[in-house]
Amino acid sequence: MNSTKGKTPKRLLAALATSAALLAFSESAQAQEILLTGPLAGAPAVRKLRLHRQSRFEIAPLASFTLLDPYERTILFGARLNYNLTDWFGIGAYGAYGAVKIPTALVDHIQEVNAQRRADAGDTYPTTPTGRLTKVNLGPNFEDQIGQIDWIVAPQITLVPFRGKIALFQSIYIDTDVYFFGGPAFVGVTERENCDECNSFTRASRMAIAPTFGLGLSFYVNKWSSFGVEWRGLPFSRNTGGFDTAGGGKDDDFPDNKITDADRQFTFNQMLTVSYSFYLPTQHKISE
Amino acid sequence: MKNSRVGLLVAAALGILPATSWAQGKGAKGPAAAAGEAASGEGEAAPAEGEAADKPAGDATPAEAAGDETPEGGGLAEICKIDPAACPNLDMEKEAARPLRESIYAMQQIFALRARRFELNPYWGFTFNDQFVSHPGPGLALNYYITNVLAVGVNGNYFGLFNIDSEFNAQVRRATRVAVPLTEYNWGANLNFTYVPAYGKFAGFGDFIFHYDAYVVDGVDAITTRPIPVIDPDNRNFEYQTKIAFNAGIGLRVFLNRWFGVTLEMRDYIFPDKLEALSVNNADPGNPDYWYDDGNHGGTSYGKAKARLTNAVQAQLGVSFFLPFSFEYRLPK
């Protein structure tokens with residue numbers, strides 16, 4: 001039988017030292033503070049950054065969906081072409097054609113009432129009070145007089161101030177950036193034709209010039225492609241309903257029984273765009 | 001046997017040390033501390049550089065920590081001096097070569113942990129999809145994060161004084177002589193569940209770092225609404241009625257520090273709404289039974305009021321306060 005005499009204080013010391021070590025290390029498991037001193041002082045915020053944009057062409061097929069339209073929703077298909085001079089600055093153009101046009105429920109509602117009135121009054125409709133009051137504004141088929149966006153071409157510059165990554169479900173992460181863009185836009189518009197007597201409800205096409213701007217997010221799927229979502233504002237005046245709403249009265253704020261440029265109301269057109277970008281060359285650079 | 005207990009204790013300490021070294025103490029200084037920060041991403045040295053940046057601090061620090069725990073090192077060397085029999089006889093190279101079974105998270109050392117914290121979120125709501133009447137107004141949300149990604153909470157909206165009948169509405173009515181039923185809201189109260197599937201960080205202008213997350217929210221609500229009389233305003237005067245509603249939304253939260261952030265949320269409040277009848281029962285225009293639309297599109301059946309599903313999409317811009325203001329890391333994530 002071995003004697004334990006004299007060993008107990010040593011073991012006690014050993015246990016205390018071990019416990020102290022454990023406690024000391026558990027205390028150090030706290031959140032980190034950003035140290036502005038030491039080797040990181042003055043260092044760039046990001047090292048070994050994958051430069052997804054720098055010196056690369058970007059070709060992005062896209063679909064744009066107009067938002068908050070009173071009368072007609074438009075889906076435009078097109079592309080965005082960019083050349084990124086640096087990782088944070090690029091020049092390029094956006095172009096899209098309005099291929100799908102869907103009337104809103106408001107158009108259906110107005111036309112339903114309009115058709116019912118005309119059916120009830122028959123040939124005498126133009127002489128009824130409603131017929132006379134709506135003579136300039138409401139044709140036999142309301143859908144045929146509403147304003148449309150046909151196409152958009154917009155040379156633009158792109159700034160990419162924010163670059164980072166996103167983790168999804170704490171299991172995968174992808175590089176991402178936030179970009180802002182802006183420039184002039186040339187917009188093909190179809191809307192009610194100007195008229196003085198206004199016995200017809202025909203439409204005419206014109207080109208409007210407007211500012212365009214917005215912001216977007218890119219999610220880099222691999223070295224040569226990314227998925228993107230962007231919002232675009234496109235404010236300009238147009239006659240969305242084909243109505244006579246202005247041109248008369250003291251401040252031209254009342255109808256004048258004519259369709260003129262004054263009837264074009266300022267509209268903050270908005271679009272949501274989804275795109276898939278391809279980058280050339282297919283290999284990106286990496287920062288220091 | 002008793003010596004082996006001490007040995008086991010020391011071995012346990014060695015086993016635990018790498019796990020406790022995920023984060024560094026506030027007072028950590030010098031190259032080792034800086035290296036730890038760089039590797040973890042928390043030090044913001046490499047937020048977007050890819051896999052290398054996302055290796056946990058544990059990848060670097062366990063080796064450093066273990067280096068201190070060899071018999072030649074500081075802490076355990078004392079134990080070996082006191083009781084050579086208790087000195088652990090581990091092959092550190094062999095131990096280091098063992099495969100790690102740690103969970104590696106895509107985003108280590110989250111800047112602002114949400115778990116077991118309250119979030120107070122005052123915001124202003126903007127109507128996003130009603131051309132005729134906009135319903136802006138203030139709101140307040142209170143969430144409690146049960147885990148870092150799951151929260152339960154409530155939010156309330158007040159619209160009463162802020163319903164705005166748009167100019168567009170007047171123009172359409174004047175041009176077409178067609179009235180569109182209008183609704184105004186008074187208040188809404190919601191019970192919500194929030195899930196945060198996405199977390200990320202951005203380097204701004206390559207200079208500063210900010211963190212953000214994206215979340216989805218849904219819940220069950222009560223909302224009070226009433227029609228604005230436009231068809232027969234002389235006779236009709238509607239009272240507010242409370243409806244059961246549901247909501248779903250997505251949001252983005254940008255952290256400006258560990259307890260304060262800016263939020264932008266899109267929320268769709270879905271509820272069955274009763275609209276004003278488009279026709280007037282001239283025989284008894286003052287009878288409220290005939291004031292609501294019966295689904296007959298303005299016909300004269302004057303049946304029971306029929307509710308229509310309404311989507312009130314609202315953009316909510318606000319700020320978030322997380323309470324308590326500070327928190328402590330216990331896990332690498």
Side-chain angles (χ1 to χ4, degrees), chain A residues 4 7 10-11 13-15 17-18 21-22 25-35 37-40 43-50 68 70 88 106 109-110 112-114 130 133-134 137-138 142 161-173 175-176 178 241 243-245 255, chain B residues 2 6 9-10 13 16-17 20-26 29-31 33-34 37-38 40 42-50 52 54 75 78-79 82-83 86 105-107 109 129 131 168 171-172 175-178 180 197-209 328-330 333:
Chain A
T4 58
K7 288 187 176 178
K10 288 182 180 178
R11 285 171 189 160
L13 279 172
T18 308
L22 283 169
F25 278 99
S26 63
E27 272 188 359
S28 69
Q30 299 173 24
Q32 298 173 326
E33 294 294 327
I34 299 172
L35 296 178
T37 59
L40 285 180
V46 184
R47 291 186 189 279
K48 303 292 181 190
L49 180 68
R50 285 192 279 262
L68 305 179
W88 56 268
L106 177 59
H109 175 61
I110 291 173
E112 187 179 287
V113 176
N114 183 32
T130 304
L133 289 169
T134 60
N137 292 308
L138 201 53
F142 180 52
F162 303 123
R163 176 61 212 286
K165 60 182 173 179
I166 187 168
L168 297 172
F169 306 105
Q170 270 292 20
S171 59
I172 57 171
Y173 78 89
D175 289 352
T176 182
V178 177
F243 298 144
D244 167 32
T245 53
Chain B
K2 290 180 180 177
V6 175
L9 199 56
V10 173
I16 290 168
L17 288 178
T20 59
S21 300
W22 288 103
Q24 297 171 326
K26 289 179 181 178
K29 303 280 184 187
E37 286 192 339
S40 69
E42 176 62 20
E44 318 306 1
E49 63 198 35
D54 286 289
E78 296 300 321
I79 297 173
I82 295 167
D83 185 0
Y105 295 95
M107 192 70 69
Q109 289 287 22
N129 69 333
Q131 302 281 352
F168 171 80
Q171 288 178 351
V172 171
T176 64
R177 297 294 188 254
V178 174
V180 175
Y199 184 92
K201 54 184 174 180
F202 277 119
F205 302 98
D207 184 41
F208 61 89
I209 304 287
E328 186 173 329
Y329 274 112
R330 294 180 186 276
K333 62 175 179 174

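In what follows, every chain begins at residue 1, and chains take the letters A, B, ... in the order their sequences are listed. Everything numeric in this text was worked out from a predicted model, so none of it was measured.
At a threshold of 4.5 Å between non-hydrogen side-chain atoms, the residues A:Phe162 and A:Thr176 do not count as touching.
Interface residue A:Phe169: backbone and side-chain heavy atoms are both found under 4.5 Å from chain B.
Among the candidates A:Ile110, A:Leu133, A:Leu138, A:Thr130, the residue making the largest number of heavy-atom pairs closer than 4.5 Å to chain B is A:Leu133. Between chain B and the options A:Asp244, A:Leu106, A:Asn114, A:Val113, heavy-atom pairs under 4.5 Å are most frequent for A:Leu106.
Within the 3.5 Å criterion, the main-chain N or O of A:Asp175 finds no donor-acceptor partner in the side chain of A:Arg163.
Partners of B:Thr176 under the side chain to side chain donor-acceptor pair (under 3.5 Å) rule, at least two apart in sequence or in another chain, do not exist in this structure. Applying the side chain to side chain donor-acceptor pair (under 3.5 Å) rule to A:Thr134 yields the partners A:Tyr125; only residues at least two apart in sequence or on another chain are considered.
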